[in-house]
Amino acid sequence: MPDGIADAIRGARSILLASHVRPDGDALGSLLAFYHALRLLGKEVTAYCRDKIPSVYGFLPGSDRIVHNLDFTDAFDTVVLLDCSELSRVGDEAEMLKSIGTMIVIDHHLSNDGDTPLSLIDRKASSTGEILVRLFDKLGITMTKEIAVNLYTAVVTDTGSFRYSNTTRDTFILAARLVEAGVEPWKISEQVYESKPLPALKLLALALETMTLELEGRMASIVVTQDMLVEAGALSEHTEGLIDAARSVEGVLIAVFYYEMPDGTYKISLRSKGSVDVERLAKKFGGGGHLNASACRARGDLAEIRERVRIAAVEILERTGDIS
Ligand code: 5GP
Ligand code: MN
């Protein structure tokens, strides 16, 4: 780890922490773990996320401290971007953040911006949370329960409960350390996975109705429209995890989730199994992510978008010899 980052944190007075829009468990867990850690160091700290916190993450210690609007960026001497593969993922305030003196990037995506000197990026880490711990250790931060609960949530959500290929020996060693610090894994699993409101499950039912299999059963797709949200009485945050149903089908190597955004454009989430590279697929549409979990956006007619994705998926499957 470059010493510069720990030094920059030690020297900072007022720090802005920012994570990405449509926050997930890693975005929020990392944001809040760092928030508590910096408070322990006596720093002035503001945790920012543009979007509302999904209700399943309301239990995270400190979640009520997250702010959703930023007016006074000039009050900060340092900004830390967490789990953001590109600055624009912070949302509308991204450009304003550039005026802050020192920028630090901590992430397990390869940053597309690439030119931030103070970057702590490890593509092999399970989550941004897992990388943060290394910095905390360097800074001599005590692993409090508040920090541990946030970090555990970051790790458990980004590894799909320790199921995905980003789960390593280091991940389990960290999990054990977090349990030692007071985390009760079952409680976090219940909060994150078994505390959904009924409309979220109604939405799942509607989404399952749209599931189609293509490419010799190698690709499963589901669609959620704004009309379906209304019918289920669900919120946008309830789309998180729906794609797992598509990936869970036997023989499926690529799962695609088309989500019609309120502005009529589509967010396309992609998941894969094994060495099938959906990051490559997402990049063709200007997005990114990881080998097995990526996303991108597209606008236009859904049937045309689906055809473009199908063509790109064939190419991806041909690379691994998974389609004849
Ligand atoms: P999800 O489908 O859960 O929203 O995102 C899956 C992965 O793709 C995550 O690792 C996330 O960081 C990345 N991702 C999501 N949206 C975008 C995007 O608009 N651009 C890029 N480059 N990556 C994204
Ligand atoms: Mn992450």
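Heavy atoms only: backbone and side chains are in, while hydrogens, waters and symmetry mates are out. Numbers here are sequence positions counted from 1. For ligands, and for the atoms within them, numbers begin at 1 and follow the listed sequence.
Note: an N/O pair closer than 3.5 Å links Ala295 and ligand 1 by distance alone. Not one N or O of Cys296 is nearer than 3.5 Å to an N or O of ligand 1, by distance alone. At least one N or O atom of His109, backbone or side chain, sits closer than 3.5 Å to an N or O atom of ligand 1.
Between the side chains of His20 and Asp51, not a single donor N or O lies within less than 3.5 Å of an accepting N or O. Side-chain contact of Arg271 with Ser248: a donor-acceptor pair under 3.5 Å is absent, judged by distance alone.
Neither the backbone nor the side chain of Arg22 has any atom closer than 4.0 Å to an atom of ligand 1 (non-hydrogen atoms only). Counting heavy atoms under 4.0 Å from ligand 1, residue Ser85 touches it through the side chain alone. When non-hydrogen atoms are compared, ligand 1 lies under 4.0 Å from the side chain of His290 (C-beta onward) but not from its backbone.
When Arg89, Lys283, Glu86 are ranked by how near their heavy atoms come to atom 11 (C) of ligand 1, first place goes to Arg89. For the residues Gly241, Ala293, Gly286, the heavy atom positioned nearest atom 7 (C) of ligand 1 is part of Ala293. The residue from His20, Arg271, His108 that puts a heavy atom closest to atom 3 (O) of ligand 1 is Arg271.
At a threshold of 4.0 Å, the pair Glu86-Arg89 does not count as salt-bridged, since none of the basic side-chain nitrogens sits closer than that to a carboxylate oxygen. Salt bridge Glu279/Lys284: absent, no basic N to carboxylate O contact under 4.0 Å. Using a 4.0 Å cut-off between charged side-chain N and carboxylate O, Arg50 and Glu93 make no salt bridge. A salt bridge is defined here as a Lys NZ or Arg NE, NH1 or NH2 lying under 4.0 Å from an Asp or Glu carboxylate O, and Arg134 with Asp137 fails to meet this definition. Taking the charged nitrogens against the carboxylate oxygens, Lys52 and Glu237 do have a contact shorter than 4.0 Å, which makes a salt bridge.
Between the CG atom of Leu302 and the CD atom of Glu307 there is a distance of 12.0 Å, given to the nearest 0.5 Å. Rounding to the nearest 0.5 Å places OG1 of Thr153 at 9.5 Å from CG of Leu32.
Between the side chain of Ser195 and the backbone N or O of Val192, no donor-acceptor pair lies under 3.5 Å.
The aromatic rings of Phe162 and Phe172 sit parallel, their planes meeting at an angle under 30°, below the 60° perpendicular limit.
Listed by chain and number, Asp26 OD2, Asp83 OD1, His108 NE2, Asp158 OD2 are the protein N/O/S atoms closer than 2.8 Å to the Mn ion (ligand 2), with waters left out.
Taking every heavy atom of Arg297 and a limit of under 4.0 angstrom, the matching atoms of ligand 1 come to 16 (N), 17 (C), 18 (C), 19 (O).
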